Protein chains: 2
Amino acid sequence: MEKLEKFREFIRDRGLKSTRQRDEIASWFFRHRGHVNAEQIYREVKEAMPGIGFSTVYRTMKLLVEAGLVAERHFGDAEALYENLSAHHDHCICTGCGKIIEFENQQIEQLQDSVAERFGFLLQSHRMELYGLCSACRPKAAQ
Amino acid sequence: MEKLEKFREFIRDRGLKSTRQRDEIASWFFRHRGHVNAEQIYREVKEAMPGIGFSTVYRTMKLLVEAGLVAERHFGDAEALYENLSAHHDHCICTGCGKIIEFENQQIEQLQDSVAERFGFLLQSHRMELYGLCSACRPKAAQ
DNA sequence: GTGCGTGCAAAGTATTTGCATGATG
DNA sequence: CATCATGCAAATACTTTGCACGCAC
């Protein structure tokens, strides 16, 4: 539960308050793997805390993003998906079935650094998404 | 005006109809460089066609995306930005001032192909965005 | 003429905000 | 006990849809 600690620390450092809601949301999120939207978080946390509101979910997720523990992503459409930022990785997304594979490639990371440097950018973060048909969807599409 | 031709062809092939509105929107867009949102398109095209509606803009942009001539992107927030898909390129985005630099890197493209192949993906498209501080914003942030 | 396209207004989503109340440091 | 957080409802921002009328084929 080290990430939960980090979040509590972040909250303290900002002079904010630690609440049951924030703990519940953060700890559920850190237990979870993959990409989730606000509604999923709301639904799940509601089981442990029936009174919780949507706004609290959004407000807490925003804090987690500011704490650098979570990334907010938009794959294609407008809805935000939140992702655990433990280890860095990029995404391979199947346009057929929506499956998301995470991967990491050190060579690409290095090349990104050199591109940023060429433009005088101080690189803070990046996103890379590869869209295509996965091995399962490929045959279906070929018909 | 070759892209406008392609769009007209796409419309014809689908059994749809060519209209003044579609032409006006598409040709304004192809004349334009960079990333624009629906409202900008609406405002600009309105000058030539005061009666035009927002829905027609959205409907036409969707057609252009389906025709493969335009990409719809979401950089960070929910609003869609449309981009001319003539030459492929990726983006370097300044988190300080919002400036967007387009670039292309052949080595990265090749590595992306190999990543996709490793997962058995048939690559259709990709996006890569580097976020950081541009040379102008870097000093301000350092203070 | 038939069917698709248009503009308008209304409805949808996803998210944010104002406010009175409640909890935390 | 001052301040921040919460839940609700209302507001917002962006986008889509239903519908009556009009235009392209």
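Each chain gets a letter, A, B and so on, in the order its sequence line appears, and its residues count up from 1. For the numbers below, each heavy atom of this structure counts, side chains included, while hydrogens, waters and symmetry mates do not. Just so we're clear, the structure is a prediction, and the values are computed from it rather than from any experiment.
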Sorted by position of nearest nucleotide on DNA chain C, 5' first, the leading residue of A:R59 and A:E39 is A:E39
Counting N and O atoms only, with roles assigned by atom type, does the side chain of A:R22 sit under 3.5 Å from a partner on the main chain of A:R8, one being a donor and the other an acceptor? no
Measure CZ/A:R12 against P/D:dT3 and give the value in whole Å, please. 21 Å
Under 4.5 Å between side-chain heavy atoms, hopping through other hydrophobics if needed: is there a path connecting A:L122 to B:Y131? no
What's the CZ-C1' distance between A:F54 and C:dA14, to the nearest Å? 9 Å
Considering heavy-atom distances to DNA chain D, does B:H74 or B:L16 have its closest nucleotide positioned more toward the 5' end? B:H74
Return the polar atom pairs (N/O with N/O) between nucleotides 1-3 of chain C and the protein under 3.5 Å, or none.
unit_1	atom_1	unit_2	atom_2	d
C:dG3	N2	B:K17	NZ	2.9
C:dG3	N3	B:K17	NZ	3.1

So what is the end-to-end bend of the helix from C:dG1-D:dC25 to C:dG25-D:dC1, with 5 pairs used at each end and the value given to 10 degrees? 30°
Winner on side-chain proximity to A:Q21, out of D:dT16, D:dT6, C:dG7, is D:dT6
Protein-nucleotide distance (B:I52, atom CD1; C:dA9, atom C1'), rounded to Å: 17 Å
Rounded to whole Å, how long is the line connecting atom CD of A:E24 with atom P of C:dA23? 16 Å
May I ask you to decide if the ring planes of B:F10 and B:F7 are parallel, tilted or perpendicular, using 30° and 60° as cut-offs? parallel
Hey, is the side chain of B:R20 pairing donor to acceptor with the base of C:dG5 inside 3.5 Å? no
Rounded to the nearest 0.5 Å, what's the gap from CZ on B:R73 to OH on B:Y82? Could you check? 13.0 Å
Where the side chain of A:R22 is concerned, which of D:dA5, D:dG7, C:dT15 is the nearest nucleotide? D:dA5
Would you mind telling me which of D:dC14, C:dT6, D:dC8 lies closest to the side-chain atoms of B:T19? C:dT6
Heavy-atom check, side chain of B:L63 versus side chain of B:L16, under 4.5 Å: yes
Send over the distance from A:D23 CG to D:dT6 C1', rounded to a whole Å. 15 Å
To the nearest angstrom, the OH-P distance between A:Y42 and C:dA14 comes to 15 Å
What is the distance, to the nearest angstrom, from the CG atom on A:L63 to the P atom on D:dC4? 13 Å
By nearest-heavy-atom nucleotide on DNA chain C, the more 5' of B:P50 and B:I11 is B:I11
More than 12 heavy atoms of other residues, nucleotides or ligands under 6.0 Å from CD of B:E66: is that the case? yes
Would the base of C:dC8 count as contacting B:S55 through its side chain, where contact means a donor and an acceptor less than 3.5 Å apart? yes
Would you give the length of the straight line joining atom SG of B:C92 to atom CZ of A:R118, rounded to the nearest 0.5 angstrom? 9.0 Å
Go through C:dT16, D:dC4, C:dT6 for me and flag the one nearest to the A:K62 side chain. C:dT16
The side chain of A:E79 lies closest to which of these nucleotides: C:dA14, D:dG7, D:dC14? C:dA14
Once rounded to the nearest 0.5 Å, what's the spacing between atom CZ of B:R127 and atom CD of A:E129? 4.5 Å
Are there over 12 heavy-atom neighbours, none belonging to B:E102, within less than 6.0 Å of that residue's CD? yes
I'd like to know if the side chain of B:Q110 and the backbone of B:Q107 have a donor-acceptor N/O pair within less than 3.5 Å. no
Distance in angstrom units between B:Y58 OH and D:dT15 P, rounded: 3 Å
